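Residue numbering restarts at 1 for every chain, and letters A, B, ... go by the order of the sequence lines. These numbers come from a predicted model, not from an experiment.
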Number of protein chains: 2
Amino acid sequence: MTFTYPYPHPAVTVDAVVFGFDESDLKVLLIQRSQEPFKDRWALPGGFVEINEDLETAARRELQEETGISRLFLEQLYTFGSPNRDPRERVISVAYYALVKLIDHHIQAASDAMNVAWFPLTDLPPLAFDHEHVLEVACKRLKGKIRYEPIGFELLPEKFPLSELQRLYETVLEKPLDKRNFRKKILSMDFLIDTQEIQQDVAHRAAKLYRFDPQAYQRLRDQGLNFEI
Amino acid sequence: MTFTYPYPHPAVTVDAVVFGFDESDLKVLLIQRSQEPFKDRWALPGGFVEINEDLETAARRELQEETGISRLFLEQLYTFGSPNRDPRERVISVAYYALVKLIDHHIQAASDAMNVAWFPLTDLPPLAFDHEHVLEVACKRLKGKIRYEPIGFELLPEKFPLSELQRLYETVLEKPLDKRNFRKKILSMDFLIDTQEIQQDVAHRAAKLYRFDPQAYQRLRDQGLNFEI
DNA sequence: TCAAAAGTGTTAACCATACACCCATGC
DNA sequence: GCATGGGTGTATGGTTAACACTTTTGA
């Protein structure tokens, strides 16, 4: 079956930059291409948008299909459309970025023939297409957005110690933060709940575990609070 | 001539939300559709992306063709792709927003059969497609971005009094600002140049005219200045 | 001389920053 | 008992916010 149009139409894809955070590393999820073009190169997960499918739905479907990940924070990033991005035909790609809690989401390749893996941002392989550029734009967005919206919690487990939150911010923002000031600030905002639990199996004093309360955040937001780190 | 593909491709358009500022009103540029669908309704300027054309280039071309406006601040806004945005076929629209200096840009309809006009944001006609939604997203972006990037100057004439700049900020942010604090803050940033000229033909004390110096801004930026109103 | 907008400083409250030691735990 | 990270308070300087009157000009 073929589809014909009176004037040429580009293909439209979605690509996703999926970030994960692990101890002290920001990581990104890549899949290894099994076909030309760029066979064997690593690439952002993604694929063609179906003709009756919403863009975000397409991004979620592709992630589910290629990596097994579902139910994650996903937001549109930018649309890339230079004429020669793809050697096969004109392809316009609507890129999304996503944040996942690494421990909750065990990735699985779509098939044995396909590789899926997390790569630290500091040690990436060469990427297919213009995906290095897409990734760069995603990093900038994350770095900008994490400072004034509480999206960092999407990268942490449900319950986390403050030190881990601080490490996350230090990693993303690429600068050290003062421990006392960081705690003072984040706790003063009153949307972290002390779970009354503490770390288990650590070789030092166990830290309290906190939980982000989105309702409380929303309430404070409505009252004019401005989140900022 | 027709174009055929092994699987269906959506059409891709660009749409532009062009903002202008005039005395005390934020305005948006609309064109009246001369054809179905939505014949006679007002809509955002835009049109189909050509098959070998960059997205931003397409947006600029459409603006030039439909309204005569060129050389303006233009930035990608968001990509809208719900399956039923357009009754004819699947259309994915990459929206841009633009800022122009009203007095420099005299608009002209593409043909006598076509209407082009500025509408105050506070008094808009019903719009075609999902353009009301697009416009809303553009307003939010402008409101967010004007606070921490010096894009407001794109809406003012080359030389302007501080009171006009303040009025612009008050209009976009929808809140009054303190005159003394506003002047202190903006002048302390050292990227406004006193042109040594004053207003002409005003029925009161003439104000000094200032000019935004992008080079100075860039220099300060590199030194770590953070613009914020 | 009146109307209309331009221009100008000070104070008090708040917020950001810098900084160092004791505590709890497991090995 | 030591190594590891957890947890805590204060003082200082800078930034923001609130606030009202005089000046200039043209009509």
Quiz item: Any side-chain N or O of A/Arg180 under 4.0 Å from OP1/OP2 of C/dA18?
Solution: no
Quiz item: Where the side chain of B/Arg205 is defined as all heavy atoms beyond and including C-beta, which of D/dT24, D/dA27, D/dC19 is the nearest nucleotide?
Solution: D/dT24
Quiz item: Which nucleotide, C/dA16, C/dT25, D/dT25, lies nearest any side-chain atom of A/Lys185?
Solution: C/dA16
Practice problem: Figure out the CZ/C1' separation between A/Phe182 and D/dG6, and round it to whole Å. | Solution: 14 Å
Quiz item: Can you tell me how far P of C/dA16 sits from CD of B/Glu228, to the nearest Å?
Solution: 11 Å
Practice problem: Check the distance between C/dT8's P and B/Asp194's CG and give it to me in whole angstrom. | Solution: 10 Å
Quiz item: Between A/Lys208 and B/His204, which is nearer to the 5' end of DNA chain D once each is assigned its nearest nucleotide?
Solution: A/Lys208
Quiz prompt | Spacing of B/Asn226 atom CG relative to D/dG14 atom P, expressed in whole Å | solution = 18 Å
Quiz item: Is any side-chain N or O of B/Lys184 under 3.5 Å from a base N or O of C/dT10, one able to act as donor and the other as acceptor?
Solution: yes
Practice problem: May I ask you to decide whether A/Glu158 forms a salt bridge with A/Arg211, counting only side-chain N to carboxylate O separations under 4.0 Å? | Solution: no
Quiz item: Under the salt bridge (charged side-chain N to carboxylate O under 4.0 Å, His left out) test, which residues partner B/Asp54, sequence neighbours left out?
Solution: none
Quiz item: Between B/Ser163 and C/dA5, does any side-chain N or O lie under 4.0 Å from OP1 or OP2?
Solution: no
Quiz item: What do you reckon, is NZ of B/Lys145 surrounded by more than 12 foreign heavy atoms closer than 6.0 Å?
Solution: yes
Exercise. Mind checking A/Asp201 for me? I need base, sugar-phosphate or nothing, with any heavy atom below 4.0 Å counting as a touch.
Key: nothing
Exercise. Round to a whole Å and report the spacing from CG of B/Leu187 to P of C/dA6.
Key: 14 Å
Exercise. Give the rounded distance in Å between these two atoms: CG of B/Leu162 and C1' of C/dG7.
Key: 10 Å
Quiz prompt | Contact nearer the 5' end of DNA chain D, comparing B/Asn181 with A/Glu164 | solution = A/Glu164
Quiz item: Taking for each residue the nucleotide of DNA chain C with the nearest heavy atom, is it A/Ile198 or B/Asp178 whose nucleotide lies nearer the 5' end?
Solution: B/Asp178
Practice problem: Find the distance B/Gln199:CD to D/dT25:P and express it as a whole number of Å. | Solution: 12 Å
Self-check item: Check ion pair A/Lys175-A/Glu170 (N to O, under 4.0 angstrom)
Solution: no
Quiz item: Between D/dG5 atom P and A/Arg183 atom CZ, what is the distance in whole Å?
Solution: 14 Å
Quiz item: With a 6.0 Å cut-off on ring centres, are A/Phe38 and A/Phe129 close enough?
Solution: yes
